[in-house]
Participant: 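After the structure tokens below, expect a handful of questions from me.
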Amino acid sequence: VPGPSIPTVYPPSAFPGVRFVPVLTGYAPLDIDRLHGGKPMRERSILIGYRGRRIGYWYGDLGQEKLHIGQRMKAICDARRLKTDIAWEESDRIYGNWFEFLGNCRATLGTESGANIFDFDGELALAVQRAQYANPDVTYEEIRTQYLKDREGEVVMNQVSPKIFEAIAMRTALVLFEGHYSGVVQPGVHFLALKKDFSNVDEIL
């Protein structure tokens, strides 16, 4: 939990005398520095590789960005006949040879992780699931209007993802939605900042 949101998530009155220290979302391999860094750029056959994921609507806008960035970029690149390997279904997940995949991509996509809607008691997720069960075709925009719009941003949980470190270890360029990324990486220095409306996608490509 980022510093400014700690009192909201962990009220001092409920945790007297406890000091909370923000940390990065870990789980990058401890031996990540031993990776060979992927193929030389000229030998990489994929321009942009990415694996997103469909996650529950109750995670809000930040959660949906993982899907949105892949869908939009794939459509743009397909229209230009650029070779990508971008997917977001569970059947497309990569297990066991993820670093080899990254090492064959010139660039990968990324968004901030986390959720800026904090469902303290689980009631929000339950309400959204009930709405989806009643109408399987309901869109995220409809769910957002009915259940989420007043909850977005009540807790700021934007975080850097371990995927960022994995891509860096494989020397794969980062094309990331604009964001803070826990202050770890900076736009124009460590990553290419893609606007969320894709208005600068020509420049990025």
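All values below come from the heavy atoms of this structure, side chains included, with hydrogens, waters and symmetry mates left out. In this text, all values refer to a predicted model and were calculated from it rather than measured experimentally.
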Participant: Enter the distance from Ile117:CD1 to Lys149:NZ here, rounded to the nearest 0.5 Å.
Facilitator: 12.5 Å
Participant: Sequence neighbours left out, what passes side-chain contact (heavy atoms from CB on, under 4.5 Å) with Ala115? Give chain and number order.
Facilitator: Tyr59
Participant: Return the minimal non-hydrogen interatomic distance between Pro16 and Ala14, and the atom names on each side.
Facilitator: CD-C, 3.4 Å
Participant: Any donor and acceptor pair, going by atom type alone, linking the side chain of His190 with main-chain N or O of Gln186 inside 3.5 Å?
Facilitator: yes
Participant: Determine, using the 4.5 Å side-chain heavy-atom cutoff (strictly less than), whether Leu109 and Tyr181 are members of one ILVMFWY cluster.
Facilitator: yes
Participant: Can you list everything that forms a side-chain contact (heavy atoms from CB on, under 4.5 Å) with Gln71? Sequence neighbours excluded, please.
Facilitator: Arg54, Leu67, Trp88
Participant: Rounded at 0.5 Å granularity, tell me how far CD in Gln129 sits from CD in Gln132.
Facilitator: 7.5 Å
Participant: Do Met41 and Val175 belong together in a cluster built from hydrophobic side chains that touch within less than 4.5 Å?
Facilitator: no
Participant: Can you sort out the partners of Glu178 under salt bridge (charged side-chain N to carboxylate O under 4.0 Å, His left out), two or more places apart, ordered by chain and number?
Facilitator: Lys195
Participant: Examine distances only and state if a side-chain atom of Arg106 and a backbone atom of Ile48 form a donor-acceptor pair shorter than 3.5 Å.
Facilitator: no
Participant: Between Glu141 and Arg144, does any side-chain N to carboxylate O distance fall below 4.0 Å?
Facilitator: no
Participant: Check side chain to side chain donor-acceptor pair (under 3.5 Å) between Gln146 and all other residues, then give those that pass, not counting sequence neighbours.
Facilitator: none
Participant: Can you measure from CG (Leu35) to CZ (Phe99) and round to the nearest 0.5 angstrom?
Facilitator: 5.0 Å
Participant: I want to check something: taking the side chain as every heavy atom from C-beta on, are Pro12 and Pro7 in contact at a cut-off of under 4.5 Å?
Facilitator: yes
Participant: How long is the span from the CG atom in Leu47 to the OG1 atom in Thr84, to the nearest 0.5 Å?
Facilitator: 7.5 Å
Participant: Taking the side chain as every heavy atom from C-beta outward, state whether Tyr50 and Ile69 have any atom pair closer than 4.5 Å.
Facilitator: yes
Participant: Looking at side-chain heavy atoms only, is the closest gap between Asn104 and Arg44 below 4.5 Å?
Facilitator: yes
Participant: With sequence neighbours left out, what residues match Val201 under side-chain contact (heavy atoms from CB on, under 4.5 Å)?
Facilitator: Met73, Ile76, Arg80, Leu194, Phe198, Leu205
Participant: If I compare all heavy atoms of Val138 with all of Ala131, which pair ends up nearest, and what's the gap?
Facilitator: CG1-O, 4.4 Å
Participant: Rest of the hydrophobic cluster containing Phe15 (Ile/Leu/Val/Met/Phe/Trp/Tyr, side-chain heavy atoms under 4.5 Å)?
Facilitator: Val1, Ile6, Val9, Tyr10, Val18, Phe20, Phe118, Phe120, Val155, Met157
Participant: Of all residues at least two apart in sequence or in a different chain, which pass the ring pair (Phe, Tyr, Trp, His ring centres under 6.0 Å) check with Tyr147?
Facilitator: none
Participant: Report all side-chain donor-acceptor pairs from residues 159-169 shorter than 3.5 Å, counting only partners two or more places apart or in another chain.
Facilitator:
| unit_1 | atom_1 | unit_2 | atom_2 | d |
| --- | --- | --- | --- | --- |
| Ser161 | OG | Lys163 | N | 3.1 |
| Lys163 | NZ | Arg51 | O | 2.6 |
| Glu166 | OE1 | Trp98 | NE1 | 2.8 |

Participant: May I ask you to say whether Arg53 pairs ionically with Glu90, meaning some side-chain N is under 4.0 Å from a carboxylate O?
Facilitator: yes
Participant: Residues in ring pair (Phe, Tyr, Trp, His ring centres under 6.0 Å) with Tyr57, at least two apart?
Facilitator: Tyr140
Participant: How long is the span from the CG atom in Leu176 to the CG atom in Leu174, to the nearest 0.5 Å?
Facilitator: 5.0 Å
Participant: Please find the pair of heavy atoms, one from Asp197 and one from Arg72, that lie closest to each other, and give the distance.
Facilitator: O-NH2, 4.0 Å
Participant: Side-chain heavy atoms under 4.5 angstrom apart, residues restricted to Ile, Leu, Val, Met, Phe, Trp, Tyr: same cluster for Leu148 and Val156?
Facilitator: no
Participant: Does atom CZ of Arg171 have more than 12 heavy-atom neighbours from other groups under 6.0 Å away?
Facilitator: no
Participant: Can you check whether Asn97's main-chain N or O pairs, donor with acceptor, with Glu100's side chain at less than 3.5 Å?
Facilitator: no
Participant: Is a side-chain donor or acceptor of Asp119 paired with a backbone partner of Ala125 at a separation under 3.5 angstrom?
Facilitator: yes
Participant: Holding to salt bridge (charged side-chain N to carboxylate O under 4.0 Å, His left out), I want the full list of residues that pass it with Asp78, two or more places apart in sequence or in another chain.
Facilitator: Lys74
Participant: Treating Ile, Leu, Val, Met, Phe, Trp and Tyr as nodes and any side-chain heavy-atom pair under 4.5 angstrom as an edge, say whether Leu124 and Leu62 lie in one connected cluster.
Facilitator: no
Participant: Give a yes-or-no answer on whether the side chains of Asn116 and Asp61 include a donor-acceptor pair shorter than 3.5 Å.
Facilitator: no
Participant: side-chain contact (heavy atoms from CB on, under 4.5 Å) with Glu123: which residues, sequence neighbours excluded?
Facilitator: Asp121, Leu126
Participant: Any side-chain donor-acceptor pair under 3.5 Å between Lys66 and Ser113?
Facilitator: yes
Participant: In chain order, what residues pass the salt bridge (charged side-chain N to carboxylate O under 4.0 Å, His left out) check against Glu65, with sequence neighbours excluded?
Facilitator: Lys196
